[in-house]
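Here the structure is laid out as structure tokens; the discussion comes afterwards.
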Amino acid sequence: MIEKINRLKEEVMAVIATTPEAVEELRIKYLSKKGAVSALMADFRNVPAEQKREIGQRINELKSFVTDKINTLKEQLSAGSDAEASSIDLTRTATLFPVGSRHPLSIVKNDIINIFADMGFTIAEGPEIEDDWHVFSSLNFPPDHPARDMQDTFFIARNPVDVLLRTHTSSVQTRVMEKTQPPIRIVCPGRVYRNEAISARAHCFFHQVEGLYIDKNVSFADLKQVLLTFAQKMFGPETKIRLRPSFFPFTEPSAEMDISCNICGGKGCAFCKGTGWVEILGCGMVDPNVLKSCGIDPEVYSGYAFGMGIERITNLKYRVKDLRMFSENDVRFLAEFESAR
Ligand code: DAH
């Protein structure tokens with residue numbers, strides 16, 4: 001009998017139950033009327049009188065041991081599920097923590113790059129601190145050109161060569177052409193600097209995307225088609241373009257491109273000053289002198305180039321009235337563009 005009691009106790013000690021149903025099964029197995037402990041009680045009748053005291057005590061101890069064990073299991077289970085309920089609710093939405101929004105100039109820069117990437121252009125970049133050769137001389141600027149003037153250019157050093165902050169991303173053209181033979185088809189995004197008084201309409205730094213395509217038999221018609229495709233992808237399929245003759249030292253012939261005003265659809269409004277057109281970029285056929293300075297034979301190759309200001313395109317898309325907003329890092333302004341996408 002004592003052996004039986006000990007065996008039962010060991011059995012109960014080792015018991016594990018992970019669900020309320022399993023605990024209830026244990027209760028029935030050990031404590032119900034037909035359970036193991038009750039069976040021992042029934043056997044108790046046959047215990048010799050001199051052992052009744054000791055065995056009775058042991059059976060009682062076993063009974064309270066089993067009862068305690070089952071109660072403990074019950075408590076652990078309900079405590080566990082309470083804890084789970086309070087700490088992890090898998091159906092809840094995750095806590096949102098604020099992430100930054102993309103800068104409007106980055107949004108527009110990426111849009112521009114993606115449109116040209118779809119037409120086979122790759123990205124090229126160059127340094128913001130440049131020398132006179134890459135920004136001016138190689139691009140056919142005569143020595144007395146006003147753009148070289150202190151009024152326009154930030155010089156860093158003037159001896160032995162002029163070191164300066166680039167005033168346009170056309171310098172990247174030279175850097176790529178010096179190192180690569182055609183075909184060349186690149187867009188060059190980047191920051192440029194000019195010595196301007198800061199106001200709502202001008203800043204001492206801004207951003208440009210330069211484009212360059214050099215190959216055999218490249219014509220002005222190719223340029224026009226690529227720019228029309230760009231304008232319609234950027235501003236909508238109804239957008240029209242017009243090219244006005246212009247002058248840049250590095251292109252001949254040169255043109256400035258207008259798009260039909262995307263505010264009034266070309267009817268004429270305050271934004272386009274009633275003309276129905278707004279200027280968005282400069283372009284032209286790469287001057288043979290430029291090809292020559294970069295080691296490309298103008299008898300074999302021709303090409304076109306274009307350059308646009310990212311701030312200007314962004315203003316047309318999002319109507320930012322004051323250029324200074326772009327560099328003030330006011331998060332209320334920047335956050336507006338998260339939903340603009
Ligand atoms: N570099 C010119 C500027 O900063 C823009 C430009 C005009 C670039 C005509 C070109 C171009 O490549 O062909 O105003």
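Start at 1 and go down the list; that is how both ligands and their atoms are numbered. Numbers here simply count residues along the sequence, with the first being 1.
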Tell me whether [X] is salt-bridged to [Y], with the criterion being a basic N under 4.0 Å from an acidic carboxylate O.
X	Y	answer
R27	E24	yes
R332	E336	no
R312	E279	no
R148	D132	yes

Residues lining ligand 1 [heavy-atom distance under 4.0 Å, listed by chain and residue number] | H168, S170, Q173, R194, Q208, E210, F248, F250, T251, G282, C283, G284, A305, F306, G307
Heavy atoms of K109 and P189 approach each other most closely as CD-CB, 3.8 Å
Relative to each other, are the rings of H168 and F136 parallel, tilted or perpendicular (30° and 60° limits)?
-> tilted
